[in-house]
Structure formats: structure tokens, C-alpha cells
2 protein chains.
Amino acid sequence: MDRGAVQTASGDKRRSDVPKRAPIQSGLPAYLNIVNTISDRISSGLYPAGSRLPSESQFCHEFAVSPMTLRRALLILADRGLITAEKGRGTFVRSLGLSDSVFTLQQLTGEWANGTTQVRLLSAATAKADAQVAAVLDIPPGERVVYLRRLLLKNDTPAVYQTEYVIFDPRRPLVESQLKLTSLHGLFQSARGERFSRGEVTLSAISLDPETARILDEPPAAPALCLEHIFRDSTGHAVSWGRFLLRSDLFKLKARLGP
Amino acid sequence: MDRGAVQTASGDKRRSDVPKRAPIQSGLPAYLNIVNTISDRISSGLYPAGSRLPSESQFCHEFAVSPMTLRRALLILADRGLITAEKGRGTFVRSLGLSDSVFTLQQLTGEWANGTTQVRLLSAATAKADAQVAAVLDIPPGERVVYLRRLLLKNDTPAVYQTEYVIFDPRRPLVESQLKLTSLHGLFQSARGERFSRGEVTLSAISLDPETARILDEPPAAPALCLEHIFRDSTGHAVSWGRFLLRSDLFKLKARLGP
DNA sequence: CAGTGGTCTAGACCACATG
DNA sequence: ATGTGGTCTAGACCACTGC
């Protein structure tokens, strides 16, 4: 390409005499086309697992793009776990394993955040933190906390039982906004009055205690997914601690492996 | 910067008269420094949730990098869910919610893939596929399949019970390599003889049946995490179907929210 | 040493949103 | 019309690997 002409600093708009970029398939950006093409070649077996990909400069020639664009595509593929790049050696096709599974809670809210769900506040009261709550929230035992219990229903079927302890802060009326939460979206998406910036979430399997089983309309000791969460404010202090108990027959987390 | 001089096509190496890039803090690449800086500003509240970030050109000035480098940093932050970019409007700080949690199985193998774990093959036999197996693997009922049962122990404590049905293909001696799997790493990382390229994984909570409970040394009907998997070859045909039952007291999935 | 990936530049054009 | 993010170029230097 002989277009190494000096480009004057002022806006030199005469580009019509310069060949435009290669036509983009189906309107997608070039880097996405490259991602799809290489991805297809991997899944079709053209680039077998463990093999070395053509070098970046080879790809640049083939796709007629600049190194940065090609590199962007490779970074995306690496991010998806399909390839790994090793400095000085080359880029290789990864063979996927179980441990590459990635589970998201988006799916849950995706299926559940429609109109047929409702949130029922079972109780809301202030209480004094017992030893366990105090330890998790990092406050002195006996400090006042707000104890919330909610039940989420889908088509009038109990599906999720939530309990939560929120630090009581008179300066910040968290409670009021918390109590008004009657939509599932609010609970999951940007709950906590969008004040927290950090958090930890733990997923495990538990056995329902008799009372919870009754509330969820399940047999005693039925299995359930337990989603325990701690939210923290910008200073790192815990703001709330609680857990969602998800009926095991209604909630599954799904992940896909590969291209 | 007055270095708009024509760069001749031949390798013009005289760059010593040109100011080198700004010194990189702590040896990190520039884009990572930018990621960390902006991330810190978000978590410190300097850029509050929902607010608009400075424009890209402003950031370019502040960090003294080219647009591509700045953009790379923003893409990473967007990928982490901390910000969202809206074309023509600006880039905004996202407020995180529960549904942004991402769980990975890497943690599991990370903690478990050390020397003190062992894999014990309980049984391996060919059998005829019953209706359910045939349906999942998409083969005619009665077709021969390999039925595997494995027990994973950690410090001599039963931790995981796996059952798996593998399509019997005499042309491809999958079974032999399968049977030799005695390391946890092999089971999770690139198992399946690194032949499959696709798969689906489902995570749910179940209650252990009496026999499995006995094998796992748990009380009957104890809760457990169930990891069901289907692996497919490059043509999309199912190759194996099975599930891992993880003792609930030993396995939890953890996710972090925020910077 | 040559080849590879990792990073970066200093611009450019485009599509889009807003006033 | 202006400013924004989205994409792209045609090179460059560096660190690393392997022969």
C-alpha cells in the first residue's frame, strides 16, 4: 500500500483517492469477523486443540488488518478461554475443561425479572446483633441491626426465601428504601440503595430447616441453593449480610463451554 | 509534539531524539496503571455510581497516552462490569448488583488440585443405554455405552462422587485414556481426551440418595452440589454425560463484586 | 540470531447523541 | 455543530523464546 504520503497536521480530508478498507462482512466490525472466523476454525477442528496458531503477522496478512486490530481479536479469544498466547513462543489452542465453566446469576434474574414475580416482605424489625451477626458485620455485639425477611413468588409459588441483616444507620435511611423493594429486579440489580461498592457472594447447597421448608412449600430437609452475600460500602465496612435460599427445583445455573 | 516528520518506509531507528514514554509506575504496562487508577477512583467514591466519567480525550491528556491505550483500559473496566460506555453520550460508572456475580469452577480445582487428592475408579463397564441415557446422548436405546463411577478423596475423606456415561466408539479408544485418569487435574482440566470442543454444564442442589450418601460418608438425604455435564465433539454430537456430586460441607463457590 | 507476542503511538473516519 | 464513544491504521520498540 503506497499511501505513506505525509498527512498534514490540519484536517486533510481528501481520502477519496485512497482505497477504503476491505468490505466488512455483514456489517460487523473487522475484529469481530476475525474472532468469529478463528473461532469457527477452532471448533471445526481446522486448528486442533493444542496446536499453534499462525503468527500474528501471518494473520495480519490474511485478514488485511493492522496488528492492533488482529491483536484485539486474539485478546477476545484469549478472554473467552479459547486460546492462550505465550510470549516468544506463539499462540495455542486451549483444550477446554470443566474448570473453565463460568456461572452467572444474570440467567436467574433474566428468567425471573418479568411481571409474574412478586416480592413479599414477611417481616422487618430492628434487633440487637447477636454474636454471629456482630462478627460478620464487624460491629459490637448488641448493636442495633435491621432484620429483614422476604419471600419471592413466581406465579404464586414460593421460590426464594431471603433473610438479611442491615446495619442500622440513622443518618442514612437505608431502611426506608429497602422496605419499598417490591420488585425482584430491585433486589438483585442495584439493591442496597446503590451505595455499596464491594461485596462477596458465596454459593452452596444446604438442607432446608423445617420452618423455611414450610415457607417455601417444600418437604422438610429439602435441598436448596444458598446464596450468601455480604455488601460493603466504599470504605470496606460491611453494610449488610444475608442469604437467599433458592428452591432447588426452580433454580439451576447453566454454563456453556467452547465456541 | 512536533514529530510529524515523515517516517520513511525503511526501518528508521533514530528515535533517541524523541521523548520516551512517560515513566511507568511499578513496571506495569500503562493500560494496567490506568485500569487500577480509575478503579481506585470508583471504589473510593471519587467517581460515584451512575456518574459520567471524563471523556476519553480528557483521560488521554491526563494519563498522557494515545487513544488506543486509554481505550484498552476502559474496555477492561467495562469487561469487569465497573463501567458502561454509551456511544455518543459518555462512559458511566455502573452500580453493581447481585446478578453481576460470576462463579468459576477454577477455585474448586485450585484448592483441590494439589497432591493430597486422589481419584479412585469405583467401576467401569460397558452397558446398553437405557431410555434416559439414549435420549441425552442422542443415540438409539440399547446402544453400547461405557459407565464410569469415580470417587475423589481429599485427605482420605470422600469428597466427590462422579458418574459418567461415555459413548462407546471402537475407532477411538476413549476408554483407555479415560480409565487412566487418576488425577483430579486430569478430570477437570482437559479431560475427555481433549477431543471435545463444546459442552454444557449445569449446577444445582440435590439431596443425596442413600447409596451415594454412604459412599460419600454423609448422612442420608444430605444436601450436595450437583454438577451435570454434557461434552460434545466438534460435530456437536454428545460424547459423554455425567455428573459430579460435591459434598456441600467441602465445596462452596465464591464470587467477588466490585473493584 | 530471527521470530513471536506485548505494548504503544498519533493520528484518522465513522455513527451516534445532544443542544 | 459539537462532542462522544467505536473502530482502525501503519508502523514502532521491547522482552522473550528458540535455534
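Lettering of chains follows the sequences in order, A, B, ..., and the numbering in each one begins at 1.
- Taking atom CD1 on I34(B) and atom P on dT9(C), their separation rounds to 8 Å, with Å as the unit.
- Distance, L32(B) CG to dG6(C) P: 13 Å, rounded to whole Å.
- Using the six-membered ring where Trp is involved, H229(B) and F244(B) have ring planes that are tilted, between 30° and 60° apart.
- Which of dC8(C), dA15(D), dG5(D) sits closest to the side chain of E56(B) comes down to dG5(D).
- Atom CD1 of I76(A) is separated from atom P of dC8(D) by 10 Å (rounded to the nearest Å).
- Under the 3.5 Å distance criterion, the side-chain polar atoms of D100(A) are matched with a main-chain donor or acceptor of G97(A).
- The side chain to side chain contact (heavy atoms under 4.5 Å, CB included) with V93(B) is formed by just one residue from the set L77(B), I42(B), I38(B); it is I42(B).
- Look at CZ on R71(B): it is 15 Å from P on dT9(C), rounded to the nearest Å.
- Positionally, the nearest nucleotide of DNA chain D for R52(B) lies more toward the 5' end than for the other of R89(A) and R52(B).
- The nearest whole Å value for the distance from the CZ atom in F63(B) to the C1' atom in dC8(C) is 16 Å.
- Set against dC8(D), dA10(C), dC16(D), the side chain of A30(A) has dC8(D) as its closest nucleotide.
- No more than 12 heavy atoms of other residues, nucleotides or ligands shown are found within 6.0 angstrom of CZ on R243(B).
- For the pair D233(B) (side chain) and G236(B) (backbone), a donor-acceptor distance under 3.5 Å is present.
- At dT7(D), one or more side-chain N or O atoms of Y31(A) fall inside 4.0 Å of OP1 or OP2 (strictly under the cut-off).
- Protein atom CZ of R72(B) is 16 Å distant from nucleotide atom C1' of dT7(D), rounded to whole Å.
- Between T69(B) and the phosphate of dC8(C), there is no side-chain N or O to OP1/OP2 separation shorter than 4.0 Å.
- Listed candidates were dT9(D), dA15(C), dA10(D). Nearest to the side chain of V65(A) is dT9(D).
- Residue S66(B) has no polar side-chain atom (N or O) positioned under 4.0 Å from OP1 or OP2 of dA10(C).
- Following rounding to the nearest Å, M68(B) (CE) and dT7(C) (P) show an atom-to-atom distance of 13 Å.
- Rounded to whole Å, atom C1' of dT4(C) lies 12 Å from atom CG of L74(A).
- Side-chain nitrogen and oxygen atoms of S55(B) include at least one within less than 4.0 Å of the OP1 or OP2 phosphate oxygen of dT4(D).
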